[in-house]
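So the structure is just underneath, and the comments pick up after that.
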2 protein chains.
Amino acid sequence: MDNDAPPALDAVVDLGPLPGLTGYALRRAQIAVFHDFHRTMEAEGIRTAQFSVLEVLKANPGLRQTQVSFALGIKTTNFVPLFDELERRGLAERRPIPGDRRAKGLFLTEAGRATLERLEKLVAEHEARFVARIGAAGKAQLLGLLHRLTDRTFDPDRS
Amino acid sequence: MDNDAPPALDAVVDLGPLPGLTGYALRRAQIAVFHDFHRTMEAEGIRTAQFSVLEVLKANPGLRQTQVSFALGIKTTNFVPLFDELERRGLAERRPIPGDRRAKGLFLTEAGRATLERLEKLVAEHEARFVARIGAAGKAQLLGLLHRLTDRTFDPDRS
DNA sequence: TCATGACAGTGATGGACAATAACGATCTGC
DNA sequence: GCAGATCGTTATTGTCCATCACTGTCATGA
(Lines give C-alpha, C1' and ligand atoms only; values in the text may rest on other atoms or scores of the structure.)
Protein backbone atom coordinates (compact mmCIF):
# COMPACT_ATOMS: atom_id res chain seq x y z
CA MET A 1 0.00 0.00 0.00
CA ASP A 2 0.74 3.11 0.15
CA ASN A 3 1.86 4.92 -2.68
CA ASP A 4 3.39 8.06 -1.49
CA ALA A 5 0.54 9.99 -2.85
CA PRO A 6 0.93 11.53 -6.23
CA PRO A 7 1.99 14.95 -5.10
CA ALA A 8 -1.32 16.66 -5.74
CA LEU A 9 -0.37 19.94 -7.22
CA ASP A 10 -3.01 21.79 -5.36
CA ALA A 11 -2.22 20.03 -2.15
CA VAL A 12 -2.64 22.18 0.89
CA VAL A 13 0.50 24.16 1.45
CA ASP A 14 1.18 25.96 4.66
CA LEU A 15 1.84 29.57 3.81
CA GLY A 16 3.25 30.25 7.23
CA PRO A 17 2.98 33.85 8.37
CA LEU A 18 2.20 35.19 4.91
CA PRO A 19 -1.59 35.34 5.17
CA GLY A 20 -1.17 37.48 8.28
CA LEU A 21 0.96 40.05 6.54
CA THR A 22 -0.73 43.21 5.37
CA GLY A 23 1.38 43.43 2.26
CA TYR A 24 0.76 39.86 1.21
CA ALA A 25 -2.99 40.12 1.65
CA LEU A 26 -3.02 43.43 -0.17
CA ARG A 27 -1.07 42.07 -3.09
CA ARG A 28 -3.33 39.07 -3.51
CA ALA A 29 -6.46 41.18 -3.28
CA GLN A 30 -5.09 43.76 -5.66
CA ILE A 31 -4.23 41.09 -8.20
CA ALA A 32 -7.71 39.62 -7.92
CA VAL A 33 -9.42 42.97 -8.32
CA PHE A 34 -7.22 44.05 -11.22
CA HIS A 35 -7.77 40.74 -12.89
CA ASP A 36 -11.48 41.35 -12.79
CA PHE A 37 -10.95 44.90 -14.01
CA HIS A 38 -8.90 43.74 -16.96
CA ARG A 39 -11.48 41.21 -17.95
CA THR A 40 -14.20 43.80 -17.63
CA MET A 41 -12.31 46.25 -19.82
CA GLU A 42 -10.98 43.71 -22.23
CA ALA A 43 -13.44 44.59 -24.95
CA GLU A 44 -12.66 48.28 -24.66
CA GLY A 45 -8.95 47.67 -24.49
CA ILE A 46 -8.43 50.03 -21.59
CA ARG A 47 -6.01 49.45 -18.77
CA THR A 48 -6.16 50.75 -15.23
CA ALA A 49 -3.70 53.58 -15.64
CA GLN A 50 -5.38 54.74 -18.82
CA PHE A 51 -8.74 54.73 -17.15
CA SER A 52 -7.47 56.75 -14.23
CA VAL A 53 -6.03 59.33 -16.60
CA LEU A 54 -9.31 59.65 -18.44
CA GLU A 55 -11.13 60.19 -15.16
CA VAL A 56 -8.74 62.88 -14.03
CA LEU A 57 -9.07 64.63 -17.37
CA LYS A 58 -12.81 64.54 -17.11
CA ALA A 59 -12.73 66.07 -13.65
CA ASN A 60 -9.99 68.59 -14.47
CA PRO A 61 -9.83 69.54 -18.12
CA GLY A 62 -6.75 71.42 -19.18
CA LEU A 63 -4.33 70.15 -16.57
CA ARG A 64 -0.75 69.84 -17.72
CA GLN A 65 1.01 66.51 -17.95
CA THR A 66 3.09 67.15 -14.89
CA GLN A 67 0.03 67.73 -12.77
CA VAL A 68 -1.87 64.70 -13.96
CA SER A 69 1.04 62.34 -13.60
CA PHE A 70 1.91 63.75 -10.19
CA ALA A 71 -1.66 63.37 -9.00
CA LEU A 72 -1.73 59.76 -10.11
CA GLY A 73 1.73 58.90 -8.92
CA ILE A 74 3.04 58.17 -12.40
CA LYS A 75 6.47 59.35 -13.46
CA THR A 76 6.18 61.87 -16.25
CA THR A 77 8.57 59.71 -18.20
CA ASN A 78 6.17 56.82 -18.16
CA PHE A 79 3.22 59.06 -18.61
CA VAL A 80 4.29 60.05 -22.10
CA PRO A 81 3.74 56.76 -23.95
CA LEU A 82 0.63 56.13 -21.88
CA PHE A 83 -0.91 59.35 -23.08
CA ASP A 84 0.43 58.85 -26.59
CA GLU A 85 -1.72 55.78 -26.77
CA LEU A 86 -4.83 57.63 -25.62
CA GLU A 87 -4.14 60.33 -28.16
CA ARG A 88 -3.50 57.81 -30.92
CA ARG A 89 -6.87 56.29 -30.21
CA GLY A 90 -8.53 59.67 -30.32
CA LEU A 91 -9.72 59.61 -26.72
CA ALA A 92 -7.70 62.53 -25.43
CA GLU A 93 -5.46 65.25 -26.74
CA ARG A 94 -2.67 67.64 -25.91
CA ARG A 95 -3.26 71.30 -26.61
CA PRO A 96 -0.86 74.19 -26.34
CA ILE A 97 -1.26 76.29 -23.24
CA PRO A 98 -1.53 80.02 -24.04
CA GLY A 99 1.01 81.46 -21.65
CA ASP A 100 3.62 78.71 -21.68
CA ARG A 101 4.96 77.07 -24.77
CA ARG A 102 6.66 74.33 -22.82
CA ALA A 103 3.53 72.98 -21.25
CA LYS A 104 0.62 71.16 -22.80
CA GLY A 105 -2.91 71.06 -21.54
CA LEU A 106 -4.66 67.72 -21.57
CA PHE A 107 -8.27 67.25 -22.60
CA LEU A 108 -10.74 64.53 -23.37
CA THR A 109 -12.02 64.48 -26.90
CA GLU A 110 -15.68 63.99 -27.62
CA ALA A 111 -14.93 60.37 -28.39
CA GLY A 112 -13.06 60.15 -25.14
CA ARG A 113 -16.00 61.50 -23.20
CA ALA A 114 -18.34 59.02 -24.87
CA THR A 115 -15.97 56.15 -24.28
CA LEU A 116 -15.53 57.11 -20.68
CA GLU A 117 -19.26 56.97 -20.17
CA ARG A 118 -19.30 53.39 -21.36
CA LEU A 119 -16.29 52.61 -19.22
CA GLU A 120 -17.92 54.01 -16.14
CA LYS A 121 -20.86 51.70 -16.59
CA LEU A 122 -18.52 48.74 -16.83
CA VAL A 123 -16.57 49.90 -13.82
CA ALA A 124 -19.77 50.23 -11.86
CA GLU A 125 -20.58 46.59 -12.58
CA HIS A 126 -17.06 45.59 -11.71
CA GLU A 127 -17.32 47.47 -8.47
CA ALA A 128 -20.70 45.95 -7.73
CA ARG A 129 -19.20 42.49 -7.84
CA PHE A 130 -17.01 43.38 -4.92
CA VAL A 131 -19.74 45.08 -3.01
CA ALA A 132 -21.67 41.85 -3.43
CA ARG A 133 -18.87 40.12 -1.61
CA ILE A 134 -18.21 42.42 1.27
CA GLY A 135 -21.29 44.63 1.39
CA ALA A 136 -21.52 48.38 1.15
CA ALA A 137 -20.51 48.73 4.76
CA GLY A 138 -17.58 46.42 4.20
CA LYS A 139 -16.43 48.47 1.27
CA ALA A 140 -16.69 51.69 3.23
CA GLN A 141 -14.64 50.13 6.02
CA LEU A 142 -12.12 48.83 3.55
CA LEU A 143 -11.66 52.17 1.83
CA GLY A 144 -11.26 53.87 5.17
CA LEU A 145 -8.59 51.45 6.29
CA LEU A 146 -6.76 51.60 2.99
CA HIS A 147 -6.70 55.37 3.05
CA ARG A 148 -5.27 55.33 6.51
CA LEU A 149 -2.58 52.97 5.33
CA THR A 150 -1.72 54.95 2.25
CA ASP A 151 -1.89 58.47 3.42
CA ARG A 152 1.71 59.66 3.78
CA THR A 153 3.32 56.37 4.56
CA PHE A 154 6.42 57.93 3.24
CA ASP A 155 6.84 61.18 1.55
CA PRO A 156 5.65 60.66 -1.87
CA ASP A 157 8.06 62.44 -3.95
CA ARG A 158 10.84 64.15 -5.17
CA SER A 159 12.78 64.27 -2.05
CA MET B 1 -3.65 91.77 -13.88
CA ASP B 2 -3.80 88.59 -12.93
CA ASN B 3 -1.19 86.21 -13.52
CA ASP B 4 -2.73 82.89 -14.09
CA ALA B 5 -1.11 81.46 -11.06
CA PRO B 6 2.06 79.47 -11.52
CA PRO B 7 0.54 76.04 -11.93
CA ALA B 8 1.59 74.62 -8.59
CA LEU B 9 2.60 71.10 -9.37
CA ASP B 10 1.06 69.69 -6.28
CA ALA B 11 -2.09 71.71 -6.73
CA VAL B 12 -5.18 69.93 -5.60
CA VAL B 13 -6.43 67.75 -8.38
CA ASP B 14 -9.86 66.24 -8.38
CA LEU B 15 -9.46 62.51 -8.78
CA GLY B 16 -13.12 62.07 -9.58
CA PRO B 17 -14.50 58.64 -8.75
CA LEU B 18 -11.08 57.03 -8.36
CA PRO B 19 -10.75 57.25 -4.57
CA GLY B 20 -14.06 55.42 -4.30
CA LEU B 21 -12.92 52.49 -6.39
CA THR B 22 -11.76 49.40 -4.57
CA GLY B 23 -9.06 48.68 -7.10
CA TYR B 24 -7.60 52.15 -7.01
CA ALA B 25 -7.46 52.27 -3.24
CA LEU B 26 -5.95 48.81 -3.14
CA ARG B 27 -3.28 49.69 -5.63
CA ARG B 28 -2.24 52.82 -3.78
CA ALA B 29 -2.14 51.02 -0.45
CA GLN B 30 -0.24 48.11 -1.91
CA ILE B 31 2.35 50.42 -3.41
CA ALA B 32 2.77 52.21 -0.10
CA VAL B 33 3.15 48.99 1.87
CA PHE B 34 5.53 47.41 -0.62
CA HIS B 35 7.58 50.56 -0.68
CA ASP B 36 8.01 50.28 3.04
CA PHE B 37 8.82 46.60 2.69
CA HIS B 38 11.49 47.26 0.12
CA ARG B 39 13.10 49.89 2.24
CA THR B 40 12.98 47.58 5.22
CA MET B 41 14.62 44.76 3.29
CA GLU B 42 17.00 46.89 1.34
CA ALA B 43 20.00 45.95 3.44
CA GLU B 44 19.25 42.25 3.10
CA GLY B 45 18.56 42.54 -0.58
CA ILE B 46 15.41 40.47 -0.42
CA ARG B 47 12.31 41.14 -2.44
CA THR B 48 8.74 40.24 -1.63
CA ALA B 49 8.50 37.19 -3.83
CA GLN B 50 11.78 35.82 -2.52
CA PHE B 51 10.66 36.33 1.04
CA SER B 52 7.42 34.51 0.42
CA VAL B 53 9.27 31.58 -1.08
CA LEU B 54 11.57 31.35 1.91
CA GLU B 55 8.60 31.33 4.26
CA VAL B 56 6.86 28.58 2.35
CA LEU B 57 10.02 26.52 2.36
CA LYS B 58 10.39 26.96 6.07
CA ALA B 59 6.83 25.81 6.66
CA ASN B 60 6.97 22.98 4.13
CA PRO B 61 10.44 21.64 3.50
CA GLY B 62 10.81 19.38 0.51
CA LEU B 63 7.98 20.69 -1.61
CA ARG B 64 8.54 20.55 -5.33
CA GLN B 65 8.77 23.65 -7.43
CA THR B 66 5.36 23.15 -8.95
CA GLN B 67 3.74 23.11 -5.56
CA VAL B 68 5.51 26.15 -4.21
CA SER B 69 4.90 28.25 -7.25
CA PHE B 70 1.30 27.16 -7.45
CA ALA B 71 0.72 27.99 -3.80
CA LEU B 72 2.17 31.45 -4.29
CA GLY B 73 0.52 32.12 -7.61
CA ILE B 74 3.79 32.33 -9.50
CA LYS B 75 4.13 30.70 -12.89
CA THR B 76 6.70 27.93 -12.78
CA THR B 77 8.40 29.65 -15.67
CA ASN B 78 9.04 32.74 -13.62
CA PHE B 79 9.77 30.75 -10.53
CA VAL B 80 12.93 29.27 -11.99
CA PRO B 81 15.13 32.39 -12.08
CA LEU B 82 13.66 33.53 -8.78
CA PHE B 83 14.78 30.35 -7.10
CA ASP B 84 18.06 30.34 -9.01
CA GLU B 85 18.86 33.57 -7.25
CA LEU B 86 18.06 32.15 -3.82
CA GLU B 87 20.20 29.15 -4.59
CA ARG B 88 23.03 31.29 -5.92
CA ARG B 89 23.02 33.17 -2.65
CA GLY B 90 23.09 29.96 -0.69
CA LEU B 91 19.76 30.52 1.04
CA ALA B 92 17.90 27.58 -0.44
CA GLU B 93 18.59 24.54 -2.55
CA ARG B 94 17.11 21.99 -4.91
CA ARG B 95 17.54 18.35 -4.03
CA PRO B 96 16.62 15.28 -6.03
CA ILE B 97 13.44 13.58 -4.95
CA PRO B 98 13.87 9.85 -4.39
CA GLY B 99 10.98 8.48 -6.39
CA ASP B 100 10.92 10.95 -9.26
CA ARG B 101 13.93 12.04 -11.21
CA ARG B 102 12.07 14.86 -12.89
CA ALA B 103 11.09 16.62 -9.74
CA LYS B 104 13.22 18.54 -7.30
CA GLY B 105 12.52 19.13 -3.65
CA LEU B 106 13.14 22.59 -2.29
CA PHE B 107 14.78 23.27 1.04
CA LEU B 108 16.18 26.09 3.07
CA THR B 109 19.86 25.88 3.80
CA GLU B 110 21.22 26.63 7.22
CA ALA B 111 22.18 30.06 5.99
CA GLY B 112 18.69 30.46 4.62
CA ARG B 113 17.15 29.61 7.94
CA ALA B 114 19.39 32.07 9.74
CA THR B 115 18.70 34.78 7.21
CA LEU B 116 15.00 34.17 7.42
CA GLU B 117 15.10 34.69 11.14
CA ARG B 118 16.61 38.11 10.64
CA LEU B 119 14.10 38.86 7.93
CA GLU B 120 11.20 37.94 10.14
CA LYS B 121 12.32 40.43 12.74
CA LEU B 122 12.46 43.13 10.10
CA VAL B 123 9.09 42.15 8.75
CA ALA B 124 7.64 42.30 12.23
CA GLU B 125 8.82 45.90 12.55
CA HIS B 126 7.49 46.67 9.12
CA GLU B 127 4.16 45.19 10.05
CA ALA B 128 4.11 47.05 13.33
CA ARG B 129 4.29 50.34 11.49
CA PHE B 130 0.96 49.58 9.87
CA VAL B 131 -0.63 48.35 13.02
CA ALA B 132 0.39 51.65 14.52
CA ARG B 133 -1.69 53.33 11.85
CA ILE B 134 -4.83 51.28 11.89
CA GLY B 135 -4.65 49.39 15.16
CA ALA B 136 -4.71 45.66 15.75
CA ALA B 137 -8.46 45.60 15.33
CA GLY B 138 -8.18 47.57 12.13
CA LYS B 139 -5.64 45.13 10.77
CA ALA B 140 -7.82 42.17 11.64
CA GLN B 141 -10.75 43.81 9.89
CA LEU B 142 -8.61 44.64 6.91
CA LEU B 143 -7.29 41.11 6.53
CA GLY B 144 -10.78 39.73 6.82
CA LEU B 145 -12.10 42.01 4.13
CA LEU B 146 -9.17 41.35 1.84
CA HIS B 147 -9.55 37.62 2.18
CA ARG B 148 -13.20 37.89 1.30
CA LEU B 149 -12.27 39.87 -1.78
CA THR B 150 -9.55 37.54 -2.88
CA ASP B 151 -10.97 34.18 -2.21
CA ARG B 152 -12.08 32.77 -5.55
CA THR B 153 -12.78 35.99 -7.32
CA PHE B 154 -12.18 34.12 -10.48
CA ASP B 155 -10.92 30.69 -10.98
CA PRO B 156 -7.38 30.81 -9.95
CA ASP B 157 -5.60 28.98 -12.54
CA ARG B 158 -4.43 27.52 -15.53
CA SER B 159 -6.91 26.47 -18.05
C1' DT C 1 20.28 91.62 -22.85
C1' DC C 2 21.61 87.84 -21.92
C1' DA C 3 23.55 84.02 -19.07
C1' DT C 4 22.14 80.83 -15.86
C1' DG C 5 19.30 77.87 -13.79
C1' DA C 6 14.76 75.89 -13.36
C1' DC C 7 11.05 73.48 -15.59
C1' DA C 8 7.94 70.74 -19.23
C1' DG C 9 8.05 67.16 -22.04
C1' DT C 10 10.52 63.46 -24.56
C1' DG C 11 13.61 59.51 -25.73
C1' DA C 12 16.37 55.59 -24.66
C1' DT C 13 17.22 52.10 -21.59
C1' DG C 14 17.17 48.65 -17.79
C1' DG C 15 15.08 45.85 -13.98
C1' DA C 16 11.23 43.30 -11.92
C1' DC C 17 7.40 40.67 -12.94
C1' DA C 18 3.85 38.14 -15.58
C1' DA C 19 2.55 35.34 -19.53
C1' DT C 20 3.13 32.16 -23.70
C1' DA C 21 5.39 28.74 -26.56
C1' DA C 22 8.26 25.11 -27.03
C1' DC C 23 11.52 21.58 -25.45
C1' DG C 24 14.07 17.47 -23.04
C1' DA C 25 13.71 14.29 -19.57
C1' DT C 26 10.97 11.47 -17.04
C1' DC C 27 6.96 9.07 -15.34
C1' DT C 28 2.30 6.61 -15.92
C1' DG C 29 -1.30 3.92 -17.75
C1' DC C 30 -2.86 1.03 -20.92
C1' DG D 1 6.57 -0.48 -24.84
C1' DC D 2 4.20 3.53 -26.38
C1' DA D 3 1.17 7.72 -25.94
C1' DG D 4 0.31 11.17 -23.18
C1' DA D 5 0.92 13.69 -19.12
C1' DT D 6 4.15 15.95 -15.81
C1' DC D 7 8.43 18.57 -14.05
C1' DG D 8 11.61 21.70 -14.80
C1' DT D 9 13.76 24.67 -18.05
C1' DT D 10 14.90 28.12 -21.93
C1' DA D 11 13.62 31.78 -24.81
C1' DT D 12 10.76 35.51 -25.78
C1' DT D 13 7.42 39.06 -25.13
C1' DG D 14 4.87 42.87 -22.88
C1' DT D 15 3.83 45.76 -18.91
C1' DC D 16 5.14 48.67 -15.31
C1' DC D 17 8.29 51.45 -12.83
C1' DA D 18 12.67 53.86 -12.40
C1' DT D 19 16.99 56.51 -13.96
C1' DC D 20 19.60 59.31 -17.14
C1' DA D 21 20.31 62.44 -20.61
C1' DC D 22 18.49 65.81 -23.75
C1' DT D 23 15.65 69.74 -26.13
C1' DG D 24 13.06 73.64 -25.90
C1' DT D 25 11.19 77.16 -23.06
C1' DC D 26 10.75 80.22 -19.10
C1' DA D 27 12.33 83.40 -15.54
C1' DT D 28 15.66 85.88 -12.94
C1' DG D 29 19.00 89.01 -11.96
C1' DA D 30 23.64 90.90 -13.02
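Lettering of chains follows the sequences in order, A, B, ..., and the numbering in each one begins at 1.
Salt bridge annotation for Glu85(B)-Arg89(B): present, with a cationic side-chain nitrogen under 4.0 angstrom from a carboxylate oxygen. Between Glu42(A) and Arg39(A), no side-chain nitrogen of the basic residue sits less than 4.0 Å from a carboxylate oxygen of the acidic one, so the salt-bridge criterion is not met.
Between the side chains of Arg129(A) and Thr40(A), at least one donor N or O lies within less than 3.5 Å of an accepting N or O. There is no side-chain donor-acceptor pair under 3.5 Å between Gln65(A) and Thr76(A).
For the pair Ile97(A) and Arg27(A), nearest-nucleotide mapping onto DNA chain C gives the more 5' position to Ile97(A). Taking the nucleotide of DNA chain D with the nearest heavy atom to each of Ile74(A) and Asp100(B), the more 5' of the two is matched to Asp100(B).
In this structure, Gln67(A) atom CD and dC7(C) atom P are separated by 14 Å, rounded to whole Å. Spacing between atom NZ of Lys75(A) and atom C1' of dA18(D) amounts to 7 Å, rounded to whole angstrom units. A straight line from CD of Gln30(A) to P of dC17(C) spans 14 Å, rounded to a whole angstrom.
Contact annotation: Arg47(A) side-chain N/O to dC16(D) OP1/OP2 distance is under 4.0 Å. Contact annotation: Arg64(B) does not reach the phosphate of dG8(D) (side-chain N/O to OP1 or OP2, under 4.0 Å).
In the interface, the side chain of Asn78(A) is paired with the base of dA18(D) through a donor and an acceptor atom under 3.5 Å apart. Put simply, the side chain of Arg102(A) and the base of dC7(C) share a donor and an acceptor less than 3.5 Å apart.
Listed nucleotides: dT26(C), dG11(C), dT9(D). Nearest to the side chain of Val80(B): dT9(D). In this structure, the nucleotide among dA16(C), dA12(C), dT25(D) sitting nearest to the side chain of Thr77(A) is dA12(C).
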